[in-house]
Amino acid sequence: MKDYLTNLLDNAIKELVKNFDKNIIQVSRPKKIQHGDFSTNVSLPLAKIQKKPPLVIADEIVKRIPASPLIEKVEIAGAGYINFFLSSEARVKLINLILMEKENFGKSSFGKKQKVQVEFVSANPTGPLHVGHGRGAAIGDSIARLLDATGWDVTKEFYYNDAGAQINSLSLSVQARAKKIGPTDEEFPKDGYQGEYINEIADGFLSKAEFNFKSNMIRPSGDIENLQALKEFSVAYLRHEQDLDLEAFNVDFNVFSLESSLYKNGQVDQIVKMLIENGHTYEKDDALWLKTTSFGDDKDRVMRKTDGEYTYFVPDIAYHLDKWKRGFKRVINEQGADHHSTINRVRGGLQALNMQIPLKWPEYILHQMITVMKNKKEVKISKRAGSYVTLRDLIDEVGCDATRYFLTARRPDSQLIFDIDLAKTKNNENPVYYIQYAHARISRVLEQWNGNKESLSVTNGDSLKNLSELRLIKSISEFPEVVFQAAEELAPHQIANYLKDCAAEFHSYYNDTKFLIDDKNIMENRLALIRATQFILSNGLKLLGISAPNKM
RNA sequence: CUGCCCGUAGCUCAGCUGGAUAGAGCACCAGUUUUCUAAACUGGGGGUCACAGGUUCGAUUCCUGUCGGGCAGGCCA
């Protein structure tokens, strides 16, 4: 419809102005219903070029717009806005299209089945997932869903830093605990992990507790002097825990990549060799440095430490080269903003490989920190993890749906306050329930009507012309545009906001109009409208990984 | 000190590729149920869009600076 109007305007303006940039025609959705279904301010910029008052230009444009069965009227308003009001025929078509396309309504094929990889969470297997990972999981997963809905071929991927200093520290911490050495004791490893979960791992290892992980039985030996065995068990144990958390959070992945395998299969050595050969490295202070300053970093970075180990970003570069070789021309990395300094290193390293990888590849979405509040006080500690609030704590306390909603409903780059008390309320203070309740209400009405839902369609557009109906129809008609834009901007919070508005329009409608009435024709037209609304709500909730209950 | 993000109603936040009197929810005040779930709806008050300049016919939106908050700047990840 937008394109249709843009073309009408383009043709009209062509008659008035010889050369003009078609891009100045912007058709938008006015905020207020009085301003119609679509609107353009094109006469304002044209006024400048033509040196005529915008109202005069608007008038000339409107005169040249041909009659259309989809447009009821075209109005000039304000300083020179041209507002389009759609006809009831256009509304009938829209509702019936939704009823036909059902769960596919809102999807598109803009992505042309191109491959895109979304990497998110990528937590180190050194502890349970925390709220920050939860935000990453909710945002990353919703971005993947949005890209899928707009026609991309999406691969969701999780990368484990299961090598390096942290993992050694983890195994030493578990070993200490197995020997009954606590964090307060002298012998406890410096900078060791102190959470209660370390004890659980140690207990599991000592008691030889078996568990199934990725269809392998994990069988701990119980030999606490075997640090390698202890390490493997600890990592498997924590990855298993993280999997359970993600499952409870309705998030899954297509591919899990391991840092350790990049060492094993020689990919790390290979890129180090390439970087040296390409002349982007130098030795200093017994360490090997990468000249990241050549690629926009503010200082060079050590890539091989004096102890001979590589720093974390070396396997990171190898990993991203691997992504590139796997054919992902587009990669989106969702991660916490506290890691933003890796961007320059990874991109710089990739440039130094001289592989013609684009400068801005991969793309990054960074989310800011979260403050968890309960009883108006900040919560900082979890029983199990010690120094941070776990994702599991939140899911157990407020549920998956509410947790996902609150973690995606805000722009990633704003710091968010997660109010546990608010997320727990089951009334109008809580937007999750507000949206779900709209969906459930529709289910109940259709249930009580007890007719054949599949047969519903709008047969008489003129029966849907109350203000609340027009507002609701306008809202649901915007859904495909909202999905497209949210996918384009990698901004799932736009879906959350939209759903709240759409649900509000429905609740208003519900309150001032009765559906189950004697007039069969009007009733069925209304039911068709609310069933279409139900598809919009459930399709939108699905994009956020939130359930759409039929009863509450 | 340097870089990145943020600063919009009492609170939590949208809006920001410049454009119609700046929006929502909560909180506050006043109402709505013999009717499909009141987990809802209707109405009202509440804003120098941190501050100061600049660009523009027009700036909450773009640019510069200041102030305030967060995060980075380790041979940690």
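From a predicted model like this one, the values you see are computed outputs, not experimental measurements. Atoms considered below: every heavy atom in the structure, side chains included; atoms not considered: hydrogens, waters and symmetry mates.
Base pairing of B:A30: its partner is B:U42, meeting the Watson-Crick or G-U wobble criterion (both donor-acceptor distances under 3.5 Å). Remark: B:U60 base-pairs with no nucleotide in the shown strands. Criterion, Watson-Crick or G-U wobble with two distances under 3.5 Å. Pairing for B:C51 is with B:G65, a Watson-Crick or G-U wobble pair whose two hydrogen-bonding atom distances lie under 3.5 Å. If you check B:U35 for Watson-Crick or wobble pairing at under 3.5 angstrom, you find it has no partner at all. Pairing for B:A14 is absent, judged as Watson-Crick or G-U wobble with the two contacts each under 3.5 Å. Under the Watson-Crick or G-U wobble criterion, with both distances below 3.5 Å, B:U2 is paired with B:A72.
A ring-centre distance under 6.0 Å is not found for A:Phe506 and A:Tyr434. Ring centroids of A:Tyr437 and A:His507 are separated by less than 6.0 Å, placing the two rings close together.
Within the nucleic acid shown, A:His493 comes within 4.0 Å of sugar-phosphate atoms alone, with no base atom in reach, counting heavy atoms only. Counting non-hydrogen atoms under 4.0 angstrom, A:Asp307 reaches nothing in the nucleic acid. Counting non-hydrogen atoms under 4.0 angstrom, A:His340 reaches a base of the nucleic acid. Among the heavy atoms of the strands, none lies under 4.0 Å from A:Phe313. If you check every strand for non-hydrogen atoms under 4.0 Å, A:Leu44 touches a base. In this structure, A:Leu446 reaches neither bases nor backbone, as no heavy-atom distance under 4.0 Å exists between it and the strands shown. Using a 4.0 Å heavy-atom distance criterion, A:Asp300 is classed as making no nucleic acid contact. A:Arg345 comes within 4.0 angstrom of a base, heavy atoms only. Residue A:Asp413 is classed as a sugar-phosphate contact, given heavy-atom separations below 4.0 Å to backbone atoms only. Residue A:Thr371 is out of contact with every strand shown, counting any heavy-atom pair closer than 4.0 Å. At the heavy-atom level, A:Ser508 lies under 4.0 Å from the strands shown only through sugar-phosphate atoms. Contact annotation for A:Arg411: base contact, defined as any heavy-atom pair under 4.0 Å involving a base atom. Residue-level contact check: A:Ser39 touches the bases, meaning some heavy atom is under 4.0 Å from a base atom. Among the protein residues, A:Ala79 comes within range of no part of the nucleic acid, since none of its heavy atoms lies under 4.0 Å from any strand.
One finds no side-chain N or O of A:Tyr433 lying less than 4.0 angstrom from the OP1 or OP2 phosphate oxygen of B:U37. Side-chain N/O atoms of A:Gln448 include one lying less than 4.0 angstrom from OP1 or OP2 on B:U37. Residue A:Lys299 places no side-chain N or O under 4.0 Å from the OP1 or OP2 atom of B:G3. For A:Arg441, a side-chain nitrogen or oxygen approaches OP1 or OP2 of B:A38 to under 4.0 Å. Contact annotation: A:His507 does not reach the phosphate of B:A39 (side-chain N/O to OP1 or OP2, under 4.0 Å). Note on A:Ser414: every side-chain N or O is 4.0 Å or more away from OP1 and OP2 of B:C13.
Taking only side-chain atoms of A:Tyr434, from C-beta outward, the nucleotide of B:U37, B:G70, B:A40 with the closest atom is B:A40. Of the candidates B:U35, B:U37, B:C75, B:U35 carries the atom nearest the A:Lys514 side chain, counting heavy atoms from C-beta on. Among B:U37, B:A24, B:A40, the nucleotide with an atom closest to any side-chain atom of A:Lys500 is B:A24.
Using cut-offs of 30° and 60° for the angle between ring planes, the A:Tyr160 and A:Phe256 rings count as parallel. Using bins of under 30°, 30° to 60° and over 60° for the plane-to-plane angle, the ring pair A:Phe484/A:Phe110 lands in the tilted bin. Ring orientation note: the planes of A:Tyr282 and A:Trp289 are close to parallel, at an angle under 30° on the 30°/60° scale.
On a pure distance criterion of 3.5 Å, no polar donor-acceptor pair joins the side chain of A:Thr311 and the base of B:C75. At a cut-off of 3.5 angstrom, the base of B:A40 holds no donor-acceptor pair with the side chain of A:Asp512. Looking at A:Lys31, its side chain has no donor and acceptor atom pair within 3.5 Å of the base of B:U21.
Along RNA chain B, the nucleotide nearest to A:Ile82 and the one nearest to A:Tyr509 differ in position, and the one closer to the 5' end is contacted by A:Ile82. The 5' end of RNA chain B is approached more closely, in terms of each residue's nearest nucleotide, by A:Gln34 than by the other of A:Asn124 and A:Gln34.
Ionic pairing of A:Glu447 and A:Lys551 is not present here: no N-O contact between side-chain nitrogen and carboxylate oxygen is shorter than 4.0 angstrom.
Judged by distance alone, the side chain of A:Tyr433 and the main-chain N or O of A:Ala402 form no donor-acceptor pair under 3.5 Å.
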